[in-house]
A.B. asks: 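Got a structure for you, written out below as C-alpha cells; questions coming shortly.
Remember, it's a predicted structure, so these values are computed and weren't measured experimentally. Just follow the structure's listing: the first ligand is 1, and inside any ligand the first atom is 1.
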Amino acid sequence: MKKILLCGYMASGKTTIAQLLAKASGIPYKDLDEIIEKKAGKSIPDIFKEDGEIKFRKIEHEVLKETLEHEEPFILALGGGTPCYAGNHEFLRRDDVVSVYLKAGIGELLKRLRKQDIKRPLLDNLTPEAQEEFIAQHLFERSYFYHQAKHVVAVDGKSPEDVVNEVMSLF
Ligand code: S3P
C-alpha cells in the first residue's frame, strides 16, 4: 500500500479531500502544514512573519522528507507551494507514492478563497483585484511543478464526494 500525496493551489481542497479520503479508505491522513506548525511551535503566518518564507520552505522540505520516511501507508495533504521549492516535486514521482494534483481554475479558487476564513500569508495583504492577478501569475509559474504529480483530477464544479471517488479509483 502506498503513500497518497495531494497537491494543488491554496483552496483547491487538499485538506478536505484528504480528510474524506481517510474516512472512506481507512488510511490515516496527515496535513503537512499542521506537522510544520507542531515542529516549529508556531502558526504558519507567524513563521512567515518572524522567520521569513525561506526559513518556512526549509522546514517544509525537511518535514516532507521525514514524513515520507514512514513505512506505513498514509494520505498527506501538502501545502500549496510544497512541490515548487527545494526539489520537492521529485518526491511526487517516487515509486512508493501515489501523487494527485487537485486542479482548480482561477475562478473556482477565487470563489473558494473568498468563502474561507483561513490566514494565508501570501494572499492576505492583496486587494481582490490584485489577488486575481497574483493567482493567475502564480498558478502559471507553479503549473509545471503541480503537473509532476502522477495523476491530475480536475475539481471545478465537482462535489467533494465526487473528487474523493475519483482519487480512490487511482489506488
Ligand atoms: C502556501 C500554502 C499554504 C501554506 C503556506 C504557503 C503556498 O498551504 O503552506 O501559507 O505557498 O501556496 P495551503 O495550500 O494549505 O493553504
A.B. asks: If the contact criterion is a heavy-atom separation under 4.0 Å, does His138 count as touching ligand 1?
C.D. replies: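 It does not, in that no heavy atom of His138 comes within the 4.0 Å cut-off of ligand 1.
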A.B. asks: Would you please determine whether Lys119 falls within less than 4.0 Å of ligand 1 on a heavy-atom basis?
C.D. replies: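 No heavy atom of Lys119 comes that close to ligand 1.
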A.B. asks: Can the ring centroids of Tyr9 and His138 be said to lie less than 6.0 angstrom from one another?
C.D. replies: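 When the ring centroids of Tyr9 and His138 are compared, they turn out to be within the sub-6.0 Å range.
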A.B. asks: I need the atoms of ligand 1 closer than 4.0 Å to a non-hydrogen atom of Arg57, numbered in the order shown.
C.D. replies: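 This gives 6 (C), 7 (C), 11 (O) as the contact atoms.
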A.B. asks: As an exercise, identify every atom of ligand 1 less than 4.0 angstrom from a heavy atom of Gly79.
C.D. replies: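 Contacts of ligand 1 toward Gly79, numbered from 1: 8 (O), 9 (O), 14 (O).
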A.B. asks: Using a plain distance cutoff, I'd like to know if Lys14 has any nitrogen or oxygen under 3.5 Å from a nitrogen or oxygen of ligand 1.
C.D. replies: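 Yes, at least one N or O pair falls under 3.5 Å.
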A.B. asks: Would you mind reporting whether Glu166 and Val155 have side-chain heavy atoms less than 4.5 Å apart?
C.D. replies: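 A side-chain contact under 4.5 Å is absent here.
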A.B. asks: Identify the closest protein heavy atom to atom 16 (O) of ligand 1: which residue and atom is it, and at what distance?
C.D. replies: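 Protein heavy atom at minimum distance: Arg120 NE, 2.8 Å.
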A.B. asks: Does Lys30 count as lying over the ring of Phe74, i.e. NZ or CZ under 6.0 Å from the six-ring centre, within 45 degrees of the axis?
C.D. replies: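 The answer is yes, since Lys30 meets both limits relative to Phe74.
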A.B. asks: Between Leu6 and Ile17, is any pair of side-chain heavy atoms under 4.5 Å apart?
C.D. replies: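 Contact flag for Leu6/Ile17 side chains = yes.
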A.B. asks: What atoms of ligand 1 come closer than 4.0 angstrom to any heavy atom of Ile44?
C.D. replies: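 With Ile44 as reference, the close atoms of ligand 1 come out as 5 (C), 10 (O).
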A.B. asks: How about CD on Glu133, more than 12 heavy atoms from neighbouring residues, nucleotides or ligands closer than 6.0 Å, or not?
C.D. replies: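 Open: at most 12 neighbouring heavy atoms sit under 6.0 Å from CD of Glu133.
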A.B. asks: Just say parallel, tilted or perpendicular for the rings of His61 and Phe91, cut-offs at 30° and 60°.
C.D. replies: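 Aromatic pair His61/Phe91 classed tilted.
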A.B. asks: Any chance NZ of Lys65 has more than 12 other-residue heavy atoms, nucleotides or ligands included, within less than 6.0 Å?
C.D. replies: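 No, the 6.0 Å shell around NZ holds no more than 12 heavy atoms from other groups.
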A.B. asks: Which residue holds the protein heavy atom closest to atom 4 (C) of ligand 1, what is that atom called, and what is the gap in Å?
C.D. replies: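 Residue, atom and distance for the closest contact: Asp33 OD2, 3.5 Å.
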A.B. asks: Side chain, backbone, both or neither: which applies to Leu122 and ligand 1 if a contact is any heavy-atom pair less than 4.0 Å apart?
C.D. replies: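 The part of Leu122 near ligand 1 is the side chain, not the backbone.
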A.B. asks: For Lys3, is there an ion pair with Asp96 - N to carboxylate O distance below 4.0 angstrom?
C.D. replies: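 Salt bridge present between Asp96 and Lys3.
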A.B. asks: Considering only the protein, which heavy-atom contact is closest to atom 10 (O) of ligand 1, and what is its distance?
C.D. replies: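 Nearest neighbour among protein heavy atoms for atom 10 (O) of ligand 1, to 0.1 Å: Pro121 CD, 3.6 Å.
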A.B. asks: Would you say Tyr146 and Leu64 are hydrophobically clustered, going by side-chain heavy atoms of ILVMFWY under 4.5 Å?
C.D. replies: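 Yes; tracing contacts between hydrophobic side chains, which count when under 4.5 Å, links both residues.
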A.B. asks: Do you see a donor-acceptor pair shorter than 3.5 Å between the side chains of Glu60 and Thr82?
C.D. replies: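 Yes, side-chain donor-acceptor contact under 3.5 Å.
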A.B. asks: Using heavy-atom distances only, which candidate in Gly81, Cys7, Gly8 approaches atom 7 (C) of ligand 1 most closely?
C.D. replies: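 Closest candidate by heavy-atom distance is Gly81.
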A.B. asks: Nearest protein heavy atom to atom 12 (O) of ligand 1, by residue and atom, and its distance?
C.D. replies: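 The answer is Arg142 NH1, 2.8 Å.
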A.B. asks: Consider every N or O of Thr15 and every N or O of ligand 1, then say whether any pair is closer than 3.5 Å.
C.D. replies: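 Min N/O separation from ligand 1 is not below 3.5 Å for Thr15.
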A.B. asks: If I apply the N/O under 3.5 Å rule, does Gly80 come out as touching ligand 1?
C.D. replies: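 For ligand 1, there is an N or O atom that lies under 3.5 Å from one belonging to Gly80.
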A.B. asks: Please say whether Tyr9 places an N or O atom under 3.5 Å from an N or O atom belonging to ligand 1.
C.D. replies: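 Min N/O separation from ligand 1 is not below 3.5 Å for Tyr9.
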